[in-house]
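I have placed the structure first, in the form of structure tokens, so that the comments after it can refer back to it.
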Protein chains: 2
Amino acid sequence: MTLLQTTVSDACCAPTSSREPLGASEADSLAHTLKAIADPTRLRLVSIIAASTEGEVCVCDLTDPVGLSQPTVSHHLKVLVDAGILSREKRGTWAYYSLVPGGLSSLATQVAGV
Amino acid sequence: MTLLQTTVSDACCAPTSSREPLGASEADSLAHTLKAIADPTRLRLVSIIAASTEGEVCVCDLTDPVGLSQPTVSHHLKVLVDAGILSREKRGTWAYYSLVPGGLSSLATQVAGV
DNA sequence: CATAGACATTGACAACCGTCGATGTCTGCT
DNA sequence: AGCAGACATCGACGGTTGTCAATGTCTATG
């Protein structure tokens, strides 16, 4: 999905930069992931899941803490899953959401390295 | 609209969380900063400045690499300054933008710690 | 003083986003 | 089979955002 294009634009002549800045496609990809957590509700959802002792929380236990409707919470969770931050596992009637291991730290590393 | 519900919902019986999740105001604040860099153009601007040998770049040298108009670039730079990621110094006719020391790494730490 | 250049600000517009109610889909139970 | 509960999806609506052209502000220079 994400094409890691590390094209050397012009490494020959102009040493105006000490290293290569982000390319357009890399910036698009990183921005897409950052947008996923750049929302107060989604930050809280991730935080609640991360703080849970079981490591996973079902939707019914997430609507109350954030004070939003169930469809809205489901929407936010879908955004987080699509961004590779959360993963979803359905067991019976319930859907359990948990953190993707290393997802947040990988994102943090990318932010620090921009 | 936002009722700061930091009340312990049921701390008596169900130890469902190992630590306290993000409060509403903390989530708002962090989301605001994350929104600032959750944009491909702003990520590239920050990256260009970070990659520059001088550590600072004026607006006129930023419009071409991102391919946007000067007002748009100025707008993005203002967002980044307001978020505490960039700082602005005006010398003569030019405005030089540079990274706030520790700004990005502090943000990265907060992301990893959510 | 007048002019030109660098940058910021304003106003407008289309696209996107967060939210909700209504509805659909699946699972487990009686 | 029928029903109830948990969750996802859809359609709609207001608010936000990224972008530009036009304009304003300041600085240096002739």
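Residue numbers start from 1 in every chain, and the chains themselves are labelled A, B, ... in the order their sequence lines are given, proteins ahead of strands. Computation of the quantities below employed the complete heavy-atom set of this structure, encompassing side-chain atoms and omitting hydrogens, waters and symmetry-equivalent molecules. Please read all numbers here as calculations on a predicted model, not as lab measurements.
A straight line from CZ of B/Arg44 to P of D/dT19 spans 11 Å, rounded to a whole angstrom. We find that CG of A/Asp39 is positioned 12 Å from C1' of D/dT16, with the value rounded to whole Å. Here the P atom of nucleotide C/dC16 and the CG atom of A/Asp28 are 13 Å apart, to the nearest Å. Atom CG in B/Asp82 sits about 16 Å away from atom C1' in D/dT16, given to the nearest Å. One can place CG of B/Leu68 at 18 Å from P of D/dT17, the figure rounded to the nearest angstrom. In this structure, NZ of A/Lys35 is placed 16 Å from P of C/dA15, rounded to the nearest angstrom.
Side-chain N/O atoms of B/Thr63 include none lying less than 4.0 angstrom from OP1 or OP2 on C/dA6. Distances shown here put every side-chain N or O of B/His76 at or beyond 4.0 Å from the OP1 or OP2 atom of D/dT17.
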Would you mind writing out the side-chain donor-acceptor pairs for residues 59-72 of chain B within the sub-3.5 Å range, not counting sequence neighbours?
unit_1	atom_1	unit_2	atom_2	d
B/Ser69	OG	B/Thr72	N	3.4
B/Ser69	OG	B/Thr72	OG1	2.9
B/Gln70	NE2	B/Ser74	OG	3.4

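Under the 3.5 Å distance criterion, the side-chain polar atoms of B/Arg42 are matched with a main-chain donor or acceptor of B/Lys35. Within the 3.5 Å criterion, the main-chain N or O of B/Ser25 finds no donor-acceptor partner in the side chain of B/Ser29.
Mapping A/Arg91 and A/Ser69 onto DNA chain C by nearest heavy atom places A/Ser69 at the nucleotide closer to the 5' end.
Listed here is the closest heavy atom pair of A/Tyr97 and A/Leu77: CE1-CD1, 3.5 Å.
Considering CG of A/Leu43 and CD1 of A/Ile85, their distance stands at 9.0 Å, rounded to 0.5 Å.
Among the heavy atoms of the strands lying under 4.0 Å from A/Arg42 are primed sugar atoms or P, OP1, OP2 only; no base atom is included.
Judged as a salt bridge (Lys or Arg N to Asp or Glu O under 4.0 Å), the pairs with a partner in residues 91-108 of chain B (not counting sequence neighbours) are, in order, B/Glu56-B/Arg91, B/Glu89-B/Arg91.
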Under 4.0 Å protein heavy-atom contact, by nucleotide of nucleotides 3-10 of chain D - B base, S sugar-phosphate only: --BSBBB-
